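Below, chain A is the first sequence line, B the second, and so on; all start at residue 1. Predicted, not measured: the structure shown is a model, and the values here were computed from it.
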Amino acid sequence: MKEIPKNYNPSESEDDIYKLWEESGFFNPDNIDSSERYCNVLPPPNANGELHVGHASGYTVMDIFGRYERMNGKKTLLLPGKDHAGIQTQVVYEKKIKKERGIARDEIGREKFYDEVYEFCMDRSGYMRSQEKRIGISADWSREKFSLDPDGLKIALETFVKMYEDGLVYKGNRIINWCPSCGTALADVEVLHKEEDGKLCYIKYPIKDSDEFISVATTRPETMLGDTAIAVNPKDEKYKDLIGKTAMLPLMNREIPIISDYRIEMGFGTGAVKITPAHDPLDWQIGKDHKLEELQVIDEMSEITDLGGKYAGQKVMEARRNVFADLSDLGLLEKEEDLKINKSICERCKTVIEPLISKQWFVNVDAKKYSLKKEAIKALKEGKINVYPKNFENILINWYENLNDWCISRQIWWGPQFPVWYKGEEIYVGLEAPDGGNPDSAKAMTGNPDSAKATTGEWVQDENTFDTWFSSGQWPYTTLGFPEGKDYKQFYPTDMMIMGRDILPFWAARMIMFGLYKTGNVPFKNLYFTGLIRDKEGHKFSKSRGNGIDPLPMIDKYGADALRLSLVMDTTPGQDARLYEEKIERFRNFTTKLWNIYRYSNQSDENFNIVEEISTEDLKTVSDRWVVSELQKTIQETTKFIEAKNISLAQEKLRVFTWDILADWYVEINKIEKNAKVLGYVFDKILKLWHPFIPFITEKIFQDFHAGKKLLMVSAWPKADESLIDENVSAEFDNLKNIITRIRNIRSSYRIDAAMAIDAYGAEVSGKEIIERLARVKIVGSASESGNFMRISEGDIALDLDIAKLIDVEKEKTRLQNEIKNLESSITRIENTLKNEKFLTGAPKEIIEESRNRMEEYKSKLETQRELLGNLGAF
RNA sequence: GGACGAUUAGCUCAGUUGGUUAGAGCGUCACAUUGACAUUGUGAAGGUCACUGGUUCGAGUCCAGUAUCGUCCACCA
């Protein structure tokens, strides 16, 4: 007999198991012979850090589906990769060199900086890959991609060229979000809004040729230097007479018109607004519509420009104080109020955003020739993508409907440069530099992309780099090798995409738009959102809070399987879930349980082996038939739930079968009525059913039987054998089960010592030994005609328990009376339902039939209980 | 302001196309060391499914509204 330790030790075997899988070659779909395919291009984590629990959660879901499909015999590809993550990585690396070497990127220079960051990403990628393997993800590492790999990048840049030709991208002056710290423009989605305490400052602007004033309210007094109008709502009675007049801009002594615009809210502040088109998004819109001048008074370094008069050169905050003081001296400061203001901050470095006008590259998401957003909405509405959970489809559509043009140029160094060249006024867009060009001639950045316009007579490449999401939005087909790659041809459109709900607008939405535009097809057929993982109190994990759970120590301590279960069990797609150590521990306990079923099986029979097929002749007892029948139902239901992408319910079904049915009942009974073949058969099936969820322990056990000759990973997913489903066995087994439970109940409620066997009478009772053992009774003789016994019965099993001396008769009477009352009310309820004409005509036949049966069942139970109550009178 | 989500046992959460007496884990209480497992077993207590109305033979589930909490988007100068 094999010596099997009491507990499964994950850290001892997980690495070996993973190696076994990897060396088998079956992570690579080329080694699977099948006409069916399954592909999930994995979301590439940012190659600048390490794996966190959010990655682990996503990978677990991806791996569950991937392993399931592989066991179903499909050529299965989980394609891993890493993303260069432009701004974020640049920020991370700048911090690193600042800390370690005390230098800034300018001191290194663009080219060298780029090379260093590249090396850094390669290093981090390697580390992260090792972490990903520890989660157990069955990805094909031979195909691993990096977002700056030349092949994939070329495809992504070709898209830009195509979009340029189709008029879907343009370079233009628009107001953008400028991060003074990162020194780059940002897309709207890269800006966070944070509410803070601030001041609302009321300034009086004199009306020209009058001694009157008009008051405006602002949270940023310094921007008044760039005011080119004052706007009021046309319906505002208060200002009706002032529309069309001219105000004098204090400090600058500039004449500005008073205009009317419907976007001005009458109730807020004074109802009059200073308009600074160059430094506020709404003002910019209004300025465009009213053809106002745009005066840039703040530059990319957050300093006042020459247009700011005597404040030129001052930092924004400094200018604010000075403007404030000067207005105060002039008596033009009316008052100041406290106000909650919504500050825009950079997602990556948390610096306050400076809205300013800049010449940037934009994607026109609603172009005449091809509307990216409308095509995406259309595809969704046509049901080309199954979205899990379903309601996220509405969120996506809503997001598209509100989508504005997308700024894709960044003034950072880390990332792919625009395939655009300039010579004087000429512009060339294409993958290769035109003749005479010198693509390596990038110069130091000034923040103004126009500086790339060389005047030297040579072609000079645009210095801008792409927004990361421009390339990652194309990930599904760039990684597969659009349009001629073998993988593209066999795996696109992919089957599954899984991501956290927080990156829906960044990523899911863009992949759909790009996929449809470039390939004419959706990038994936199923889109599954996970919720966010939060801490025990429901807070988001964050570095500053220090409440994150690092997945790797958890794997060390409890095993990857336990972590996987804790991340996906009892969860709903798109719904946030909490994670904490006790929860992981609880699932570790489950793996121990599974292990011990295995251990028991070996101990009970020295030739124990797993068995793939079984026939009805092998089923000797009610319990055998019951457990095998229940197993078939479990196979059916588990499969059904996975197909419906409901992994949580699939696992719940399996857990109930494994723990409640198999371990707590069948294994206990098996100790008396041994049937190693049935046990081996059931065990084989649960190993397979559990494998996608907990791959390590299941494979480990499987290898104990197969010693590397066969892999559980590529074993066939079980199919239910309907001939083994016995519709009647459940009721039959329930009699046995219920009688045992009844006795246990009696023991518990009357405090009968668990160690003491209760004498009972009922010699011919079926399942005698099982009842004796599991309920700890001693059947000492036949039922007698008389005597102070408590009779219990379930179906055809009846026992007389000799416990008169041990129990409290009154208590038992009360219990029986209560049960009788419950049964009576249930019966009355069903009777009324069955009397209801509408129910009889409206409800399906099965339901009516079920109700009738249930009523019969209750009635027979009621009779028994009444009889028992009567018997008690004898005591 | 717009969109979306949540509200079910003390806590954390499941609950499939509407159909038994609404479930699990943890926690609590009582008992147990019986041939795997104390990382265990047995049993118990604990819920007017947020509220109001509607549809239906039948509602935790569908519809409308209300309340509270939360998320995202837009944004008030």
Side-chain angles (χ1 to χ4, degrees), chain A residues 4 6-7 188-189 193 200 216-220 223 231 264-265 267-270 272-276 280-283 339-342 389 391-392 394-395 397-399 401-402 501-502 504-505 532 536 538 558 569-572 574-578 580 582-583 585-604 637 640-641 644 646 648-649 652 655-656 663-664 667-668 671 740-741 744-749 751-755 773-776 822-823 825-826 829-830 833 836-844 846-848 850-851 853-854 857-858:
Chain A
I4 296 167
K6 279 173 80 161
N7 299 326
D188 292 346
V189 287
H193 298 280
L200 186 61
V216 299
T218 180
T219 54
R220 300 192 56 195
T223 61
I264 306 302
E265 256 183 69
F268 190 86
T270 64
V273 184
K274 57 189 274 312
I275 301 297
T276 322
D280 181 275
L282 182 63
D283 291 6
L339 182 75
K340 292 263 181 226
I341 54 172
N342 235 334
N391 64 289
F392 274 56
N394 294 332
I395 299 179
I397 290 172
N398 183 257
W399 189 84
E401 281 168 351
N402 294 311
R501 63 168 179 77
D502 53 330
L504 176 151
L532 305 184
K536 199 174 182 180
Y558 301 105
M569 243 175 137
D570 295 342
T571 63
T572 313
Q575 209 65 47
D576 292 357
R578 302 184 187 197
Y580 38 90
E582 298 92 301
K583 199 167 164 182
E585 202 180 334
R586 159 190 155 195
F587 289 109
R588 189 272 322 266
N589 294 353
F590 175 77
T591 60
T592 306
K593 193 67 177 179
L594 186 64
W595 183 258
N596 274 287
I597 296 171
Y598 166 57
R599 183 163 184 258
Y600 164 77
S601 305
N602 271 285
Q603 251 168 254
S604 77
E637 283 170 341
K640 187 186 86 189
F641 282 130
N646 195 334
S648 177
L649 283 182
E652 180 59 16
R655 191 194 61 79
V656 167
D664 290 347
V667 167
E668 289 304 321
K671 288 173 185 171
I740 292 165
T741 307
R744 285 168 171 174
N745 254 314
I746 289 164
R747 279 183 176 285
S748 180
S749 35
R751 314 261 165 211
I752 298 171
D753 190 338
R773 175 83 161 269
L774 267 49
R776 202 152 178 79
N822 281 343
L823 284 166
S825 72
S826 295
R829 211 189 46 255
I830 299 176
T833 310
N836 189 330
E837 276 301 318
K838 285 180 178 168
F839 173 72
L840 294 175
T841 52
E846 309 86 79
I847 299 293
I848 298 171
E850 222 177 282
S851 298
N853 291 341
R854 200 158 54 241
E857 199 182 306
Y858 287 164

Do [X] side-chain and [N] base share a donor-acceptor contact under 3.5 Å?
{"X": "A/K6", "N": "B/A36", "value": "no"}
{"X": "A/R655", "N": "B/G25", "value": "no"}
{"X": "A/N7", "N": "B/U39", "value": "yes"}
{"X": "A/K593", "N": "B/C37", "value": "yes"}

Is any side-chain nitrogen or oxygen of [X] closer than 4.0 Å to OP1 or OP2 of [N]?
{"X": "A/N398", "N": "B/G2", "result": "no"}
{"X": "A/R586", "N": "B/G25", "result": "no"}
{"X": "A/T572", "N": "B/G15", "result": "yes"}
{"X": "A/T219", "N": "B/C76", "result": "no"}
{"X": "A/N745", "N": "B/A44", "result": "yes"}
{"X": "A/R747", "N": "B/C31", "result": "no"}
{"X": "A/R776", "N": "B/U34", "result": "no"}

Say you draw a straight line from [atom1] of [X] to [atom2] of [Y]; how long is it, rounded to the nearest 0.5 Å?
{"X": "A/T592", "Y": "A/R599", "atom1": "OG1", "atom2": "CZ", "result": "11.5 Å"}
{"X": "A/E850", "Y": "A/E857", "atom1": "CD", "atom2": "CD", "result": "10.5 Å"}
{"X": "A/L840", "Y": "A/T833", "atom1": "CG", "atom2": "OG1", "result": "9.5 Å"}

[X] near the nucleic acid: base, sugar-phosphate alone, or nothing, with a heavy-atom cut-off under 4.0 Å?
{"X": "A/P281", "result": "nothing"}
{"X": "A/S826", "result": "nothing"}
{"X": "A/D664", "result": "sugar-phosphate"}
{"X": "A/T741", "result": "sugar-phosphate"}
{"X": "A/I395", "result": "sugar-phosphate"}
{"X": "A/N402", "result": "nothing"}
{"X": "A/K640", "result": "base"}
{"X": "A/E582", "result": "nothing"}
{"X": "A/L282", "result": "sugar-phosphate"}
{"X": "A/A231", "result": "nothing"}
{"X": "A/Y598", "result": "nothing"}
{"X": "A/R588", "result": "base"}

What's the closest nucleotide to the [X] side chain, out of [options]?
{"X": "A/R854", "options": "B/U20, B/A36, B/G19", "answer": "B/U20"}
{"X": "A/Q575", "options": "B/U71, B/A77, B/A6", "answer": "B/A6"}
{"X": "A/T592", "options": "B/A36, B/U39, B/C13", "answer": "B/U39"}
{"X": "A/A843", "options": "B/A36, B/C57, B/U12", "answer": "B/C57"}
{"X": "A/Y600", "options": "B/A36, B/U16, B/G19", "answer": "B/A36"}
{"X": "A/N836", "options": "B/U34, B/C57, B/C13", "answer": "B/C57"}

On RNA chain B, nearest-nucleotide positions of A/G842 versus A/L649: which is more 5'?
->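 In this pair, the answer is A/L649.
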
Return the 5'-most residue of the pair A/V667, A/N391 with respect to RNA chain B, ranking by each residue's nearest nucleotide.
->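 Whichever sits nearer the 5' end wins; that is A/N391.
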
Atom [atom1] of [X] and atom [atom2] of [N]: how far apart are they, to the nearest Å?
{"X": "A/K671", "N": "B/A36", "atom1": "NZ", "atom2": "C1'", "result": "6 Å"}
{"X": "A/N589", "N": "B/G27", "atom1": "CG", "atom2": "C1'", "result": "15 Å"}
{"X": "A/E637", "N": "B/G23", "atom1": "CD", "atom2": "P", "result": "16 Å"}

Expressed as a whole number of Å, how far does the [atom1] atom of [N] sit from that of [M]?
{"N": "B/G65", "M": "B/G5", "atom1": "P", "value": "13 Å"}
{"N": "B/C51", "M": "B/A6", "atom1": "C1'", "value": "15 Å"}
{"N": "B/A22", "M": "B/G47", "atom1": "C1'", "value": "9 Å"}
{"N": "B/G19", "M": "B/A64", "atom1": "C1'", "value": "24 Å"}
{"N": "B/G60", "M": "B/U28", "atom1": "P", "value": "32 Å"}

Counting only Watson-Crick pairs (N1-N3 plus N6-O4 or O6-N4) and G-U wobbles (N1-O2, O6-N3), all under 3.5 Å, who is the partner of [N]?
{"N": "B/G47", "value": "none"}
{"N": "B/G25", "value": "B/C11"}
{"N": "B/C69", "value": "B/G5"}
{"N": "B/G18", "value": "none"}
{"N": "B/A59", "value": "none"}
{"N": "B/U39", "value": "none"}
{"N": "B/C75", "value": "none"}

Under a 4.0 Å N-O cut-off, is there an ion pair linking A/D576 with A/R501?
->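 Yes, A/D576 and A/R501 are salt-bridged.
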
Are A/R773 and A/E668 within salt-bridge range, i.e. N to O under 4.0 Å?
->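 Salt bridge between A/R773 and A/E668, a charged N being under 4.0 Å from a carboxylate O: no.
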
Would you say the side-chain atoms of A/S648 pair up with the backbone N or O of A/T571, donor to acceptor, closer than 3.5 Å?
->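 It does hold such a pair.
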
Minimal non-hydrogen separation, A/W595 against A/N7, with atom names =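 Of all heavy-atom pairs spanning A/W595 and A/N7, the closest is NE1-C, 3.6 Å.
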
Could you tell me which non-hydrogen atom of A/S851 sits nearest to which non-hydrogen atom of A/I830, and how far apart they are?
->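 Residues A/S851 and A/I830, closest heavy atoms: O-CG2, 3.6 Å.
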
pair A/V273-A/V216: side-chain heavy atoms closer than 4.5 Å =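 Not in contact.
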
